[in-house]
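Order of appearance sets the numbers: ligands from 1, and atoms from 1 within every ligand.
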Amino acid sequence: MSNVSDISRLIEFVRDEYRTTDFIPLHAPKFEGNEQTYVADAIKSTFVSSVGSYVDKFEKNFAEYTGSPAAIAAVNGTAALHIALKLVGVEHNDLVITQPLTFVATCNAIAYCGAEPIFVDVCCETLGMSAAALENWLFENAELNNSNKCVEKISGRVVRACVPMHTFGHPVDIDGLLKVCKNWNISLVEDAAESLGSTYKGRHTGTFGVVGVFSFNGNKIITTGGGGMILSNMTLGARAKHLTTTAKIPHSFEYYHDEIGFNYRLPNLNAAMGCAQLEQINQFICTKRQLAMKYAEFFATSDLRFVTEPQDCRSNYWLNSVVCQDRVQRDEMLSTTNEQGVMTRPVWTLMNRLPMFKNCLRSDLPNAEFLEDRLVNLPSSVTSTVK
Ligand SMILES: *Cc1c(COP(=O)(O)O)cnc(C)c1O
């Protein structure tokens, strides 16, 4: 894929898949199920806000689908991450390890806790945090103190949690990361915002860490308009519900709140949409995986690497992506496709380059920098299920 005719072939291929000559977005939502019925029903019930049967139902169905003991709905994925970090005890002045290749929400949630991110490199195959990079950073920069807490050697600040992210739906090396976190007494929190429907060794992402977090923003695999979910055990689930509902002590009429809580509960209106979307998740994944296989075949004869699911994993292929030869080829691909109404995007600017995180601790980041220069996301919406 080194000349214009190859990119034209790609554009033709994408247009063929989506059967349109109109603008093709990166990821558009699909409402071909019970969305209208359930949302109308929520309005009719007058329970449109944070109390209502759809919120409970959405949580129950989500826990069942992912195989998690508890699932607590939140207003968005960022709020869910914020609560997840509080659940594992992240406090003011703590350090939290994450990856530089992620959406800014991961780092913002860390900052909301008054903590600071540390960036360790990703793995080129999974696009997620590298267990070796994590281990190396800790070996060189951290130690276990008298009370068996992991602290950064120079500042003495506690390294409380580690937040890997399942990039574009591809699961990270969970076993490798869990092992390092266990050795260093660090809590693992999965940013599974992009990986609903993705499994690692047959088990759903978001259920391996102490807490796992999902997002239902408009561009995710299922959407509630805005929304998020927190997965955990029953004890932490109860605590998550308390924190997301203003920390109110249940009582038939008294208002009593026992700590500073948050107004983070997902409204019933949004949950109604979520229930309808979740009913279609298997269908969505099926058409997305079919599209990914076609992309893989298309790129097999090119000099670009199409990113496929890691070993022992099943990916939801939320966003399809290719790794270009270099930044020049990437830029050519981005400008040509976007000019012609086929939306493609580069990967996020690395977190360590953003002004608010530029002074944070980090390892060398050769893989993240390599991918930053070369990665391109391709149109990935669910193709119509009514073909
Ligand atoms: C979408 C996303 C989130 C959460 O986003 P919200 O818009 O707040 O729901 C968090 N992390 C990652 C990696 C995401 O892609």
Side-chain angles (χ1 to χ4, degrees), residues 25-29 58 62 71-87 90 96-113 117 119-120 122 126-129 161-172 174 177 188-198 205-206 209 211-231 240 244 262-267 270-271 273-274 277-278 288 307 315-321 345-352 354 357 368 371-372 375 377 380-381:
L26 199 64
H27 202 290
F58 187 40
F62 199 91
I72 304 299
V75 281
N76 58 54
T78 312
L81 271 169
H82 183 192
I83 296 300
L85 293 168
K86 292 190 93 59
L87 292 181
V90 174
V96 175
I97 302 176
T98 190
Q99 55 196 64
L101 191 88
T102 186
F103 178 55
V104 71
T106 319
C107 300
N108 283 342
I110 294 167
Y112 297 165
C113 296
F119 302 111
V120 302
V122 295
T126 66
L127 313 180
M129 189 184 289
C162 174
V163 189
M165 194 275 280
H166 304 292
T167 310
F168 309 142
H170 303 303
V172 293
I174 300 176
L177 295 171
L188 191 122
V189 171
E190 292 174 75
D191 184 342
E194 306 179 353
S195 68
L196 179 61
S198 300
T205 53
V211 190
V213 164
F214 291 84
S215 163
F216 312 118
N217 187 37
N219 64 347
K220 296 302 201 294
I221 188 159
I222 70 165
T223 185
T224 58
M229 194 71 82
I230 302 159
L231 298 189
T244 53
F262 300 84
N263 179 16
Y264 278 179
R265 189 142 179 89
L266 184 73
N270 301 77
M273 189 188 281
Q277 288 265 288
L278 193 58
K288 285 172 78 69
V307 180
S315 176
N316 66 1
Y317 283 94
W318 171 57
L319 281 190
N320 291 293
S321 58
R345 285 290 179 266
V347 75
W348 311 281
T349 299
L350 299 184
M351 293 301 108
N352 55 291
L354 303 182
F357 304 120
L371 293 167
E372 183 189 35
L375 238 154
N377 286 132
S380 302
S381 310

Task: Donor-acceptor pair, side chain of Asn320 and main chain of Lys288, under 3.5 angstrom - done: no
Task: Nearest heavy-atom neighbours spanning Phe168 and Ser321 - done: CD1-OG, 3.8 Å
Within the protein, flag every N or O under 3.5 Å from an N or O of ligand 1, and note the pair and distance.
from	atom 1	to	atom 2	distance (Å)
ligand 1	8 (O)	Gly77	N	3.3
ligand 1	8 (O)	Thr78	N	2.9
ligand 1	8 (O)	Thr78	OG1	2.5
ligand 1	9 (O)	Gly77	N	2.8
ligand 1	9 (O)	Ser215	OG	2.6
ligand 1	11 (N)	Asp191	OD1	3.4
ligand 1	11 (N)	Asp191	OD2	2.9
ligand 1	15 (O)	Glu194	OE2	2.5
ligand 1	15 (O)	Lys220	NZ	3.2

Task: Donor-acceptor under 3.5 Å (Asn219 side chain, His27 main chain) - done: no
- [ ] Evaluate the ring planes of Phe216 and Phe62, with Trp represented by its six-membered ring, and classify them as parallel (under 30°), tilted (30 to 60°) or perpendicular (over 60°).
- [x] perpendicular
Open item on the list: For Ala193, is there any backbone N or O sitting under 3.5 Å from a side-chain donor or acceptor partner on Ser215?
Closed with: no
TODO: Fit a plane to each ring of His170 and Tyr317, take the angle between them on a 0 to 90° scale, and name the class: parallel (under 30°), tilted (30 to 60°) or perpendicular (over 60°).
DONE: perpendicular
